[in-house]
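Within every chain, numbering begins at 1; the chains are lettered A, B, ... in the order of the sequence lines, protein sequences first and strands thereafter. The basis for the numbers below is simple: all heavy atoms, side chains too, and nothing from hydrogens, waters or symmetry mates.
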Protein chains: 2
Amino acid sequence: MAADTAVAFEPRKTPVQARATVTVGAICEATIQVLLSHGADRLTTTRVADRAGVSVGTLYQYYPNKRSLLFAVFEDHMDKVSQAVEVACADACHKPMPEMIRRVVEAFVDVKMQRADISIALYKVAPDVGGPALVKRTGQRLRKAIEAMLLTAPDLKLSPDRFAIDMMLSAMSGAMRSALEAGASPAMFRKVREHLVLLCQSYMAAATTGDD
Amino acid sequence: MAADTAVAFEPRKTPVQARATVTVGAICEATIQVLLSHGADRLTTTRVADRAGVSVGTLYQYYPNKRSLLFAVFEDHMDKVSQAVEVACADACHKPMPEMIRRVVEAFVDVKMQRADISIALYKVAPDVGGPALVKRTGQRLRKAIEAMLLTAPDLKLSPDRFAIDMMLSAMSGAMRSALEAGASPAMFRKVREHLVLLCQSYMAAATTGDD
DNA sequence: ACATTGGATGAAGGATTCTTCAGGTTTGGA
DNA sequence: TCCAAACCTGAAGAATCCTTCATCCAATGT
């Protein structure tokens with residue numbers, strides 16, 4: 001059921017002139033917009049091109065097919081999220097564990113919220129674009145960053161469990177996803193953030209005590 | 001961007017004779033299979049009919065369109081999950097809170113795992129089929145059941161917060177989703193279940209103490 | 001046995017969509 | 001100024017898909 005995850009996903013050509021850079025940016029932005037306004041199943045290359053103010057041909061000059069376009073947008077978003085979390089991890093080294101968790105969770109929630117529209121749009125295509133694979137890759141990247149950070153915690157009895165970190169990450173994703181898809185208000189997001197911090201802190205505390 | 005969530009989703013006709021019941025069952029099962037083997041974007045009504053061993057016309061006799069078919073399968077699954085959790089809630093009344101949480105989490109994990117293939121298949125179409133709406137509805141249903149159960153807990157200082165329950169549910173969904181999409185082994189699932197219990201228990205304990 | 005309602009068929013109409021390519025326009029350096 | 005490379009255009013080919021409907025088979029009750 002898989003194996004075609006890596007077929008022709010690479011961009012076809014990289015923009016050289018400034019004009020083309022603008023074009024590619026417009027195409028990516030238009031992809032998000034069309035996804036939000038028309039849904040994943042009515043996302044057509046022509047519609048995206050129209051919205052971007054270019055012709056279809058132009059789109060196919062940079063992306064070999066529709067999936068590669070979606071994949072590129074998805075990959076870009078995941079990369080931004082990863083970077084935000086990695087920065088938070090670096091900043092939180094040597095702090096007490098609860099403080100570490102707080103920073104990581106807040107960084108994650110904030111970066112997702114700043115680009116709420118993109119996050120929501122991408123949930124709609126992830127399945128059709130090798131989503132799980134990319135999500136897994138990103139998960140590993142985040143886990144490494146968090147693992148490294150936790151190793152510098154002065155108040156940890158047990159070494160942090162890899163599995164527990166994955167658990168925490170997937171719980172975070174789930175909570176954010178449902179908040180985003182429910183169209184939560186800014187006030188609601190603050191509450192989600194607050195509770196998600198509590199959730200992760202208490203789980204991590206429990207997971208790094210008499211375990212085995 | 002919404003408003004067409006309730007268009008022609010109702011089944012067209014309900015099977016009367018036994019023969020037709022079998023047919024409808026085969027169509028639903030075939031839908032899952034095609035989803036798993038071909039992906040959401042290559043799920044065609046003709047392919048589903050072929051796999052079910054009937055003609056397309058038959059399919060359209062029961063479902064007015066493709067989306068309504070997907071919706072029906074989705075709705076059926078969500079109903080099964082809800083029932084399993086509701087039963088667990090009813091059984092766990094008057095038990096200590098940690099025990100309650102344990103039962104609910106285990107019920108949820110187990111029912112999802114029993115139908116792992118269906119769960120995975122449905123993740124692929126949820127976005128295109130009024131998924132978020134159905135998920136929200138199911139979430140409310142589950143929250144009510146859990147809320148009622150928690151009210152009978154003998155060891156709870158604060159009345160359980162609605163928001164906290166939603167939080168727990170979305171964290172559970174997220175964790176299960178990533179485990180399912182990662183193709184976790186049975187052994188891995190046991191570990192996920194165990195940790196998810198711990199996560200929910202520690203969060204609930206924290207959320208029902210000095211809060212606000 | 002027969003009429004009526006339920007159930008099944010599958011070719012074909014109608015509508016989209018993806019992707020290409022031959023040819024025109026713009027840019028930037030020589 | 002002039003040219004080659006970079007860009008852009010958009011009509012049209014090729015491939016799918018969704019859905020319908022006229023027609024035939026099966027079941028049920030009288």
Side-chain angles (χ1 to χ4, degrees), chain A residues 4 7-31 34-35 37-73 124-125 128-130, chain B residues 4 7-31 34-35 37-73 124-125 128-130:
Chain A
D4 54 332
V7 284
F9 268 9
E10 296 308 306
R12 187 172 264 173
K13 188 166 80 174
T14 305
V16 173
Q17 300 174 3
R19 176 172 50 140
T21 305
V22 172
T23 298
V24 171
I27 290 174
C28 289
E29 183 58 34
T31 302
V34 171
L35 222 38
S37 58
H38 294 258
D41 46 0
R42 285 201 315 204
L43 179 297
T44 73
T45 49
T46 305
R47 237 192 286 264
V48 169
D50 280 351
R51 177 107 197 190
V54 300
S55 82
V56 230
T58 300
L59 189 158
Y60 278 92
Q61 204 145 23
Y62 298 101
Y63 302 97
N65 52 54
K66 196 172 84 162
R67 297 182 74 193
S68 85
L69 167 65
L70 270 343
F71 184 79
V73 174
K124 301 184 181 180
V125 289
D128 304 324
V129 191
Chain B
D4 52 334
V7 284
F9 267 10
E10 296 307 308
R12 187 171 264 171
K13 188 164 80 172
T14 306
V16 174
Q17 302 174 4
R19 176 173 51 138
T21 305
V22 172
T23 297
V24 171
I27 290 174
C28 289
E29 184 57 34
T31 303
V34 172
L35 222 37
S37 57
H38 294 258
D41 45 0
R42 286 199 315 201
L43 179 295
T44 73
T45 49
T46 305
R47 236 191 285 264
V48 169
D50 280 351
R51 177 108 199 190
V54 300
S55 81
V56 231
T58 301
L59 189 157
Y60 278 92
Q61 202 144 25
Y62 299 100
Y63 302 97
N65 51 54
K66 197 173 84 162
R67 297 183 73 193
S68 86
L69 166 65
L70 270 342
F71 184 80
V73 175
K124 300 184 183 182
V125 287
D128 304 323
V129 191

Hey, is the side chain of A/Thr58 poking within less than 4.0 Å of OP1 or OP2 on D/dC7, counting only N and O atoms? no
Using atom CG of B/Asp50 as one end and atom C1' of C/dT9 as the other, report the distance to the nearest whole Å. 12 Å
Quick one: is B/Tyr60 getting a side-chain N or O under 4.0 Å of the C/dA8 phosphate, OP1 or OP2? no
Distance below 4.0 Å between A/Arg47 side-chain N/O and C/dT16 OP1 or OP2: no
Tell me if a side-chain donor or acceptor on A/Arg67 pairs with a main-chain N or O of A/Phe9 at a distance below 3.5 Å. no
What is the distance, to the nearest angstrom, from the CZ atom on B/Arg19 to the P atom on D/dC25? 13 Å
Atom-to-atom span, NZ of B/Lys66 to P of C/dT16 - whole angstrom: 15 Å
For C/dT9, take OP1 and OP2 only and decide whether either is under 4.0 Å from a side-chain N or O of B/Ser55. yes
Looking across every strand, which nucleic acid part, if any, lies under 4.0 Å from B/Val56 by heavy atom: base, sugar-phosphate, or nothing? base
Would you kindly compare B/Gln61 and A/Thr46 by the position of their nearest DNA chain C nucleotide and give the one closer to the 5′ end? B/Gln61
Determine the contact category for A/Thr45: base if any of its heavy atoms lies under 4.0 Å from a base atom, sugar-phosphate if only primed atoms, P, OP1 or OP2 are that close, otherwise nothing. base
Any chance you could measure A/Asp41, atom CG, to B/Asp128, atom CG, to the nearest 0.5 Å? 4.5 Å
Please name the residue in the list B/Val48, B/Val24, B/Ile27 that meets the side chain to side chain contact (heavy atoms under 4.5 Å, CB included) test with B/Val54. B/Ile27
CZ of B/Arg12 versus C1' of C/dG7: gap in Å, rounded? 14 Å
Does D/dT19 have OP1 or OP2 under 4.0 Å away from a side-chain N or O of B/Tyr63? no
Heavy-atom nearest nucleotide on DNA chain D for B/Leu43 versus A/Leu59: which residue maps closer to 5'? A/Leu59
Would you mind reading off the distance between B/Ile27 atom CD1 and C/dG7 atom P, rounded to a whole angstrom? 12 Å
Is B/Thr23 near enough to C/dA8 that one of its side-chain N or O atoms lies under 4.0 angstrom from OP1 or OP2? yes
Does a side-chain heavy-atom distance below 4.5 Å link B/Lys13 with B/Tyr62? yes
Contact nearer the 5' end of DNA chain C, comparing B/Pro15 with A/Asp41: B/Pro15
Are the side chains of A/Leu43 and A/Val125 in contact, using a 4.5 Å heavy-atom criterion? no
Could you tell me how far apart A/Asn65 (CG) and C/dT19 (P) are, to the nearest whole angstrom? 5 Å
When rounded to whole Å, the NZ to P distance for the pair A/Lys13 and D/dA5 reads 13 Å
Nucleotide D/dG29, atom P - distance to CD of B/Gln17 in whole Å: 9 Å
